Amino acid sequence: GASFGLALAGHKDKVFRCGHDPEPTRAKKMEKEGAFDKIFFNLPESVRETDIVILALPVDQIEDTLKFISQDLRPGAVVIDTSPLRAGIVDLAAKILPENRHFISMMPTINSIYFDDLPLDYLTPRADLFKNSEMVIATQPTTHPDAVKLAADLAHLVDSKAYFADPAEADGICARVELLPKLVSAALLIATLK
């Protein structure tokens, strides 16, 4: 989330960046570093006047968060989730969000210059984390075209290229690119240890 905020810092004429973090120390740090224009400590208040809400949360927190903010989202608001699951989360959001609130799953990839960083260093917020990368935008066919365009425009503003996919297709891409190599590595390690 903070990396999106930092990446959008050069577009203050187009966006006002609000942030929320339940940890006050971390929230103030991100505000001081310029990731957000304003920090809210009350989650519903942070989404009340927004056009776009970016959820950068662990998968197990998405359902509760959507339920918590759903009635505070203004009509036409677009909620963009960046978690590693697509199909199930898109279906869940369709059941929770009120009519005329849109949900899009976006799979950001990181700038290739950070591929060799230490495993935990990639968590450091960076303004160029998404530069020259791809964003897979996964939506249902019924998603309003303006919401999809807004997500594509967001990808463009953070210097990424937007690719569009069905949620199940995006999950398949993620499984092949991310999960399969991990499974093969684990299998090789287990075979070596035996």
Side-chain angles (χ1 to χ4, degrees), residues 1-22 26-57 62 65-66 68-83 86 89-90 93 97-114 122-140 142-165 167 170:
S3 290
F4 271 106
L6 290 169
L8 292 169
H11 302 285
K12 288 187 178 185
D13 58 324
K14 297 175 183 143
V15 295
F16 184 79
R17 302 159 303 141
C18 299
H20 167 77
D21 195 304
R26 189 170 48 216
K28 285 294 185 189
K29 180 179 181 233
M30 290 299 103
E31 185 176 31
K32 184 178 177 182
E33 290 180 8
F36 302 107
D37 299 312
K38 184 172 183 179
I39 294 289
F40 289 89
F41 294 101
N42 179 297
L43 180 58
E45 185 182 355
S46 72
V47 303
R48 205 164 279 139
E49 299 297 320
T50 61
D51 295 317
I52 300 175
V53 175
I54 299 174
L55 299 179
L57 302 167
I62 295 171
T65 302
L66 286 174
F68 195 56
I69 67 171
S70 66
Q71 297 306 312
D72 291 288
L73 293 169
R74 65 197 275 176
V78 178
V79 178
I80 298 175
D81 170 50
T82 61
S83 72
R86 271 145 255 349
I89 300 297
V90 168
L97 294 179
E99 188 176 334
N100 198 22
R101 276 62 165 194
H102 313 288
F103 186 84
I104 292 176
S105 181
M106 184 182 281
M107 179 173 53
T109 60
I110 65 170
N111 187 333
S112 62
I113 66 171
Y114 296 115
Y122 78 91
L123 295 174
T124 302
R126 302 173 193 279
D128 64 345
L129 189 65
F130 309 116
K131 188 175 183 150
N132 300 321
S133 67
E134 288 79 31
M135 296 272 180
V136 177
I137 298 171
T139 64
Q140 294 179 325
T142 57
T143 303
H144 195 283
D146 291 344
V148 177
K149 183 179 180 331
L150 199 58
D153 290 346
L154 175 65
H156 177 73
L157 286 176
V158 298
D159 294 324
S160 292
K161 185 173 181 180
Y163 288 94
F164 302 93

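Just the heavy atoms: all of them, side chains too, but no hydrogens, waters or symmetry mates, feed the values below. The model shown is predicted, which means the values in this text are computed figures rather than measured ones.
- Shortest non-hydrogen contact noted between T82 and A56 is OG1-CA, 3.4 Å.
- Taking OG1 of T143 as the start and CD1 of I137 as the end, the distance is 11.0 Å to the nearest 0.5 Å.
- Side chain of R48 to main chain of S46: no donor-acceptor pair is present (N/O by atom type, distance under 3.5 Å, no hydrogens or angles).
- Every side chain to side chain contact (heavy atoms under 4.5 Å, CB included) that N42 has, sequence neighbours left out, goes to P44, E45.
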*Give the C-alpha distance, both sets of side-chain angles, the deciding distance and a yes or no for side-chain contact (heavy atoms from CB on, under 4.5 Å) between N132 and D159.*
CA-CA 6 Å; N132 300 321; D159 294 324; 5.6 Å; no
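- Remark: A93 engages L66, L97, F103 in a side chain to side chain contact (heavy atoms under 4.5 Å, CB included) (not counting sequence neighbours).
- Pairs of residues two or more places apart, or lying in two chains, never qualify as ring-ring contact (aromatic ring centres under 6.0 Å, His included) while including a residue from residues 28-49.
- Crowding of H156 atom NE2: a count of heavy atoms from other residues, nucleotides or ligands under 6.0 Å not exceeding 12.
- In this structure, the side chain to side chain contact (heavy atoms under 4.5 Å, CB included) partners of S83, at least two apart in sequence or on a different chain, are V59, I62, D81, I89.
- To the nearest 0.5 angstrom, D51 atom CG is 12.5 Å from F16 atom CZ.
- In terms of heavy-atom proximity, M106 sits nearest to M135 at SD-SD, 3.6 Å.
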Tabulate below the donor-acceptor pairs under 3.5 Å that side-chain atoms of residues 144-154 make, not counting sequence neighbours, or state none.
{"from": "H144", "atom 1": "ND1", "to": "D146", "atom 2": "N", "distance (Å)": "3.0"}
{"from": "K149", "atom 1": "NZ", "to": "D153", "atom 2": "OD1", "distance (Å)": "3.3"}
{"from": "K149", "atom 1": "NZ", "to": "D153", "atom 2": "OD2", "distance (Å)": "2.9"}

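- To the nearest 0.5 Å, atom OG of residue S160 and atom CD of residue E134 are 7.5 Å apart.
- Under the side chain to side chain contact (heavy atoms under 4.5 Å, CB included) criterion, K161 pairs with Y163, sequence neighbours left out.
- Here the side chains of H102 and N100 are in contact, with some heavy-atom distance below 4.5 Å.
- The shortest side-chain heavy-atom distance between V47 and R74 does not fall under the 4.5 Å cut-off.
- A side-chain donor-acceptor contact under 3.5 Å links D37 to the backbone of R17.
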